[in-house]
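Here is the structure we will look at.
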Amino acid sequence: MKGRISSLQSLGTLDGPGIRYVVFMQGCPLRCSCCHNPETHDINGGTEYSAQEILENVLKYREYFGQDGGITLSGGEPLMQTEFAIEVFKKCKEKGINTCLDTSGCIFNDSVKELLAYTDYCMLDIKYATDELYQKYVGCSIKTPLEFLGYLSESGIPTRVRQVIVPTINDSDSDIEALKTLLQGKKIEKVELLPFKKICQTKYDNMGKEFPFGNIPSADVKRVNELQDKINQI
Ligand code: SF4
């Protein structure tokens with residue numbers, strides 16, 4: 001089986017615990033207004049790799065992974081190619097490589113559950129705290145990501161919830177209170193708030209596409225840190 005891959009990063013430090021080999025998979029069913037990887041949207045783009053080829057690449061960097069590092073499947077949305085992701089993670093687990101899934105949690109079915117059985121760590125983007133904001137700025141309901149989060153919590157898979165903070169959209173105290181309420185009672189290792197940035201503007205320009213949040217300023221890091229302090233209190 002072959003998977004469509006947008007790009008590969010050999011020594012990533014932002015995509016899960018420790019140092020990781022990051023596979024940015026091609027294809028995403030969502031259209032987040034804040035998306036910084038528009039080049040990954042088209043499932044027919046990217047380059048084909050077999051799971052064995054990915055494994056062989058990962059093994060070259062094994063000595064850098066230390067105790068916490070390993071492979072991360074990111075995107076795009078890795079769950080667009082769940083069967084391929086299962087094959088990659090199975091092979092990695094056989095070699096003792098730690099596996100991390102970076103996902104929006106927008107697809108949840110039996111194949112995804114099978115993938116999660118081979119997942120050591122999950123980074124789940126809960127993009128907003130309300131269904132209204134999901135419908136408006138993501139293009140789907142909040143229902144499936146929440147179901148996904150509930151399953152992670154019940155299964156005891158270590159989970160980091162991430163959210164991009166976008167000025168005027170989800171940066172008020174009440175937005176963070178709503179997020180806190182949503183996450184209450186869930187087993188979460190960490191909540192990570194990330195500042196909205198606009199370095200992807202040139203990608204949109206080169207693709208001749210409009211950046212939906214192009215008129216919104218980048219997030220103030222101080223404000224994001226304040227909100228991070230508030231959310232850390234859960
Ligand atoms: S889920 Fe990720 S890749 Fe897909 S549109 Fe949203 S931000 Fe972009």
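Throughout, residue positions are numbered sequentially from 1 according to the sequence presented.
Checked against side chain to side chain donor-acceptor pair (under 3.5 Å), Glu114 has no partners two or more places apart in sequence or in another chain. Applying the side chain to side chain donor-acceptor pair (under 3.5 Å) criterion to Asn57, with sequence neighbours excluded, gives Tyr21, Lys60. Remark: Glu39 engages Ser6, Asn37, Lys203, Met207 in a side chain to side chain contact (heavy atoms under 4.5 Å, CB included) (not counting sequence neighbours). By the ring-ring contact (aromatic ring centres under 6.0 Å, His included) test, Phe148 is found to be paired with Phe108, residues two or more places apart in sequence or in another chain being considered. Residues satisfying the salt bridge (charged side-chain N to carboxylate O under 4.0 Å, His left out) criterion with Glu87, sequence neighbours excluded, are absent altogether. Annotation: side chain to side chain donor-acceptor pair (under 3.5 Å) contacts of Asp173 (sequence neighbours excluded): Arg223. Under the ring-ring contact (aromatic ring centres under 6.0 Å, His included) criterion, Phe65 pairs with no residue, sequence neighbours left out. When the side chain to side chain donor-acceptor pair (under 3.5 Å) test is applied to Tyr121, the partners found at least two apart in sequence or on another chain are Arg160, Glu189.
Hydrophobic cluster of Phe24: the remaining members, joined at side-chain heavy-atom separations below 4.5 Å, are Val22, listed by chain and number.
Using a 4.5 Å heavy-atom threshold, the side chains of Phe84 and Met25 count as touching. At least one side-chain heavy atom of Leu79 sits under 4.5 Å from a side-chain heavy atom of Leu101. A 4.5 Å side-chain heavy-atom check between Lys93 and Asp120 finds at least one atom pair inside the cut-off. Residues Tyr134 and Ser141 are not in side-chain contact: their nearest non-hydrogen atoms beyond the backbone lie 4.5 Å or more apart. Here the side chains of Ile157 and Leu116 are in contact, with some heavy-atom distance below 4.5 Å. Residues Leu183 and Leu149 form a side-chain contact, since some pair of their non-hydrogen atoms from C-beta on lies under 4.5 Å apart.
Residue Arg4 comes nearest to Gly45 through the heavy atom pair NE-O, 2.7 Å, listed as atom of the first residue, atom of the second, then distance. The two residues Cys106 and Pro29 have their closest heavy-atom pair at SG-CG, 3.8 Å. Smallest separation of non-hydrogen atoms from Cys200 and Cys35: SG-O, 3.9 Å. The shortest heavy-atom contact between Pro167 and Ser218 is CG-O, 3.8 Å. Taking all atoms of both residues into account, the shortest heavy-atom contact from Gln228 to Val191 is NE2-O, 2.8 Å.
With hydrophobic clusters built from ILVMFWY side chains whose heavy atoms lie under 4.5 angstrom apart, Leu8 shares a cluster with Tyr64. Taken together through direct or relayed side-chain contacts under 4.5 Å among Ile, Leu, Val, Met, Phe, Trp and Tyr, Val221 and Ile165 form parts of separate hydrophobic clusters. Under the 4.5 Å side-chain heavy-atom criterion for ILVMFWY residues, a single connected hydrophobic cluster contains both Leu59 and Ile19. Hydrophobic clustering, with ILVMFWY side chains joined whenever heavy atoms are under 4.5 angstrom apart, keeps Ile188 apart from Met123.
Separation of the Phe211 and Tyr204 ring centroids falls under the 6.0 Å cut-off. For Phe213 and Tyr137, the ring centers sit closer than 6.0 Å to each other.
Atom CG of Leu124 is separated from atom CD of Gln163 by 11.0 Å, given to the nearest 0.5 angstrom. One finds the SG atom of Cys100 at 11.5 Å from the CG atom of Asp68 (value rounded to the nearest 0.5 Å). With rounding to the nearest 0.5 angstrom, the CD1 atom of Ile176 is 4.5 Å from the CG atom of Leu227. Here the straight-line distance linking atom CD1 of Ile199 with atom CD of Gln201 works out to 11.5 Å at 0.5 Å rounding. Taking CD of Glu177 as the reference point, atom CG of Leu182 lies at 12.5 Å (rounded to 0.5 Å).
Using a distance-only test at 3.5 Å, with no hydrogens or angles considered, a donor-acceptor pair links the side chain of Glu53 to the main chain of Ser50. Side chain of Arg20 to main chain of Leu14: no donor-acceptor pair is present (N/O by atom type, distance under 3.5 Å, no hydrogens or angles). In this structure, Asn170 contributes its side chain and Val164 its backbone to a donor-acceptor pair below 3.5 Å. The main-chain N or O of Ile97 is never found under 3.5 Å from a side-chain atom of Arg62 such that the two would form a donor-acceptor pair. A donor-acceptor pair is defined here as one N or O able to donate and one able to accept, closer than 3.5 Å; no such pair exists between the side chain of Glu192 and the backbone of Arg162. Checking side-chain atoms of Thr99 against main-chain N and O of Tyr118 turns up a donor-acceptor pair under 3.5 Å. Proximity of a side-chain donor or acceptor of Gln26 to a complementary backbone N or O of Asp42 within less than 3.5 Å is detected. Between the Lys198 side chain and the Gly214 main chain, a donor and an acceptor come within less than 3.5 Å of each other. Asp131 places a side-chain N or O within 3.5 Å of a backbone atom of Ile142 that can act as its donor or acceptor partner.
The environment of Lys186 atom NZ is dense: over 12 non-hydrogen atoms of other residues, nucleotides or ligands sit within 6.0 angstrom. Other residues, nucleotides and ligands place no more than 12 heavy atoms under 6.0 Å from the CD atom of Glu132.
Residue pairs meeting the side-chain hydrogen bond (donor to acceptor under 3.5 Å, both in side chains) criterion with at least one partner in residues 8-17, sequence neighbours excluded, are absent. The list of side-chain hydrogen bond (donor to acceptor under 3.5 Å, both in side chains) pairs with a residue in residues 145-155, not counting sequence neighbours, is empty. Legend: side-chain hydrogen bond (donor to acceptor under 3.5 Å, both in side chains) pairs involving residues 74-83, not counting sequence neighbours, sorted by first then second residue: Ser74-Asp102, Glu77-Thr103, Glu77-Ser104, Glu83-Ser111.
Counted by atom type alone, Thr202 and Asp205 present zero donor-acceptor pairs between their side chains at under 3.5 Å.
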For this session: Take Gln233 and Asp229, measure what side chain to side chain donor-acceptor pair (under 3.5 Å) needs, and give me the verdict at the end.
Result: CA-CA 7 Å; Gln233 290 157 17; Asp229 287 344; over 6 Å; no
For this session: Would you please test Asp125 and Lys127 for salt bridge (Lys or Arg N to Asp or Glu O under 4.0 Å) and show each step?
Result: CA-CA 5 Å; Asp125 284 351; Lys127 293 178 182 292; 3.4 Å; yes
